[in-house]
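Every chain is numbered from 1, with letters handed out A, B, ... down the list of sequences.
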Amino acid sequence: MATLRLNALRKTYPNGVTALHGADLEIADGELIVVVGPSGCGKSTLLRMLAGLESISDGELAIDGRRVNDLEPAERDIAMVFQNYALYPHMSVADNMGYALKNRGVPKAERRRRVEETARLIGLEDLLDRRPKQLSGGQRQRVAMGRAIVREPRVFLFDEPLSNLDAKLRVQMRLEIRRLQKRLGVTAVYVTHDQVEAMTLADRLVVMNGGRIEQVGTPMHLYARPASRFVAGFIGSPAMNFLNARLDARLGGDILTLPCGTRLASPIPASGEAKTVCLGIRPEHLAVVPEGDVIDGDLSVRVELVEPLGADTLVHARLDGQDDLVVARIDGIRAVAEGDSLTLRPDPGRLHLFDPETGQRLAPMEPECQHSTCPA
Amino acid sequence: MRYRRRGLDIASHALLILALIAFCLPVWLAITAATHDQASLYTGTAPLWFGSEGLGNFRAVLTEPVGRLGTDVTRLLLNSTVMALGIAVGKIAIAILAAYAIVFFRFPLRRLCFWLIFITLMLPVEVRIMPTYKVAADLGLLNSYVGLILPLIASATATFLFRQFYLTVPPELLEAARVDGAGPWRFLRDILLPLSKTNIAALFVIMFLYGWNQYLWPLLITTESDHMTIVVSLKRLLSSADNLVPWQTVMATALLAMLPPVAVIVLMQRYFVKGLVDAEK
Ligand SMILES: Nc1ncnc2c1ncn2[C@@H]1O[C@H](COP(=O)(O)OP(=O)(O)OP(=O)(O)O)[C@@H](O)[C@H]1O
Ligand SMILES: [Mg+2]
């Protein structure tokens with residue numbers, strides 16, 4: 001149970017690679033923070049710096065308000081779950097879980113009691129005498145979790161703990177991790193590159209790109225108001241569609257013009273002369289319009305590929321007379337075949353505009369946030 | 001692929017049996033000769049069956065001073081055992097620590113250290129024996145166990161083998177141990193050593209044999225019989241220029257000299273074979 005403060009945290013590896021360009025973050029007590037980003041963006045580096053396994057090149061890290069930059073991992077009172085679990089192969093499950101307690105000089109009886117209690121909590125009672133080699137992947141994962149829990153640390157750190165499990169087990173363990181974390185109330189930082197995992201687990205999400213934090217917020221906030229084109233493309237599945245558009249002022253409202261000639265009402269006012277913007281529309285915010293109902297602003301497309309998912313169907317379609325492909329998520333009941341012509345209507349309240357050069361969000365600018373946990 | 005052909009079967013079995021005879025006959029002759037008295041060994045034919053002495057020759061060499069050696073074989077066996085154990089244990093302990101430092105610690109000139117150790121692989125004892133002798137003599141180590149053991153106690157081979165093993169240990173294991181509050185010594189004791197158990201057993205056997213079979217160095221550094229090793233003594237028993245060689249004594253001593261290495265191999269072979277077959281990690 002602790003708060004964490006990251007202040008301009010930087011990491012430059014001895015070989016000159018700067019993996020983290022100054023990260024600022026405040027983590028509240030009991031919060032589950034998920035760090036996501038593409039491979040190589042510095043997620044593991046950040047986590048390992050929190051753990052004390054990598055030195056901090058610059059900046060300050062504080063746990064409960066106390067600077068811990070120069071403390072050894074054990075002195076920071078954190079527990080870490082590794083991607084490959086890193087269980088001690090020659091020790092039984094019970095010894096694996098009790099090793100940290102043993103190193104702290106916890107008496108044997110007390111150790112045994114705590115190990116057994118934790119084992120009950122995560123359903124490992126019957127496996128305490130086994131070696132890691134005699135366990136399945138999911139069971140090893142549990143042991144790794146148990147080893148972290150039994151110490152009652154101030155902070156849990158997870159580095160892609162579920163990536164070696166099959167899809168079904170992953171969903172199950174994900175829920176379990178969330179449940180345990182909330183029940184124990186321990187602050188946790190969880191690294192993953194799976195954005196579904198990130199969305200479902202997080203109290204707050206940290207999206208990283210190229211060694212920088214792009215945006216921090218609740219999953220729904222990041223989904224509804226991505227601060228940059230990168231975040232918009234990274235959060236949400238399938239990814240947001242991006243189209244180039246021209247924004248200019250017209251009589252009776254500002255207009256976005258797509259290359260295909262379609263015109264949409266702009267969510268932001270045009271300023272001065274016309275400019276190019278990047279328009280983002282999520283697949284789930286494109287609806288099929290019944291024939292005869294077509295109005296100005298609808299997109300006529302030709303279906304190129306259909307992916308039925310059951311409840312929904314993903315339609316990959318090409319805008320008429322254009323090279324741009326858009327993806328729409330439509331109701332699974334509707335029969336759509338490749339080669340069909342469709343009309344899609346973007347939800348006018350859910351358009352996102354980005355600066356084509358910087359990728360920064362243009363519109364709509366942050367309104368007051370609907371989610372209580374959103375940062376100010 | 002397994003061929004079943006009669007001719008091949010017979011030929012391969014014949015070869016096996018020949019090889020077996022080549023190995024076993026000398027040992028058999030030694031055993032039988034050790035049970036004869038001197039007179040019956042000088043009749044011109046080697047005896048193929050046990051003689052009149054029974055275990056008498058063994059009892060004699062173990063309890064009474066043997067010929068010109070001036071001491072009994074019990075003492076010689078003890079000396080050899082101390083030397084072989086000292087060398088085996090010392091080599092393994094030093095190799096473990098050296099490899100641990102090289103693999104898990106970052107210190108200046110780490111690579112240089114490793115290569116210096118590595119190139120000494122190319123320097124067998126015999127090459128540096130004269131300077132080593134001079135140093136040992138100056139330090140007053142002649143006729144002492146320390147003198148027997150110390151110059152042979154570092155092993156580049158063992159260091160190299162442990163290094164290779166340590167490199168296969170996943171780095172996360174070290175990190176997990178650090179998070180769990182294990183310092184360098186704890187990590188070595190609780191995690192690295194148990195993991196290298198089989199390697200240690202295998203190396204112990206090899207190094208014990210190496211120490212036991214040392215000849216040149218003990219020959220140089222011991223001049224008195226109370227620190228003489230059994231391997232050196234065997235040779236001295238044979239070189240009786242004026243007398244007839246007491247073959248029954250030589251054979252009994254030789255057989256006794258074989259026992260400790262055999263015992264070590266038999267005792268350790270369970271771990272040893274395991275270490276060679278499945279690298280339990
Ligand atoms: N020990 C190291 N020495 C030098 N550079 C490193 C080291 N570890 C990582 N890097 C570099 O730092 C950058 C960030 O690496 P990091 O492992 O933090 O990425 P990641 O976000 O965890 O990626 P992934 O999702 O693939 O695990 C990468 O460019 C990587 O090459
Ligand atoms: Mg990583």
Worksheet entry | Minimum heavy-atom distance A/Phe82-B/Glu175, with the two atoms named |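 That closest heavy-atom pairing would be CE2-OE1, 3.5 Å.
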
Fill in: Minimal non-hydrogen separation, A/Pro89 against B/Leu195, with atom names
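Taking every non-hydrogen atom into account, CG-CD2, 3.6 Å.
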
Worksheet entry | Audit row: B/Asp180, A/Lys102, salt bridge (Lys or Arg N to Asp or Glu O under 4.0 Å) steps and yes/no | CA-CA 9 Å; B/Asp180 277 348; A/Lys102 186 173 158 200; over 6 Å; no

Is it true that atom [atom1] of [X] has more than 12 heavy atoms of other residues, nucleotides or ligands lying nearer than 6.0 Å?
X        : atom1 : value
A/Asp166 : CG    : yes
B/Phe23  : CZ    : no
A/Arg179 : CZ    : yes
A/Arg66  : CZ    : no
A/Arg10  : CZ    : yes

For [X], which atoms come within 4.5 Å of any heavy atom of chain B: side chain, backbone, both, or neither?
X        : result
A/Ala79  : backbone
A/Leu101 : neither
A/Arg147 : side chain

Which one, [options], leads in non-hydrogen pairs under 4.5 Å with chain B?
options                               : value
A/Gln83, A/Met91, A/Arg48, A/Met80    : A/Arg48
A/Glu72, A/Arg76, A/His90             : A/His90
A/Pro132, A/Ala144, A/Ala148, A/Pro73 : A/Pro73

Item to complete: Starting at CD of B/Glu172, measure out to CG of A/Leu87 and round the result to the nearest 0.5 Å.
Response: 11.5 Å

Practice prompt. Any chance you could measure B/Arg186, atom CZ, to A/Asn103, atom CG, to the nearest 0.5 Å?
Written response: 4.5 Å

Discussion item. Any heavy-atom pair between the side chains of B/Asp190 and A/Tyr88 that's under 4.5 Å?
Written reply: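 Heavy-atom side-chain distance check fails, nothing below 4.5 Å.
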
Worksheet entry | Flag side-chain contact, heavy atom, 4.5 Å: B/Val179 against A/Arg151 | yes

Discussion item. Heavy-atom pairs under 4.5 Å with chain A - which of B/Gly181, B/Ala176, B/Ala182 has more of them than the others?
Written reply: B/Ala176

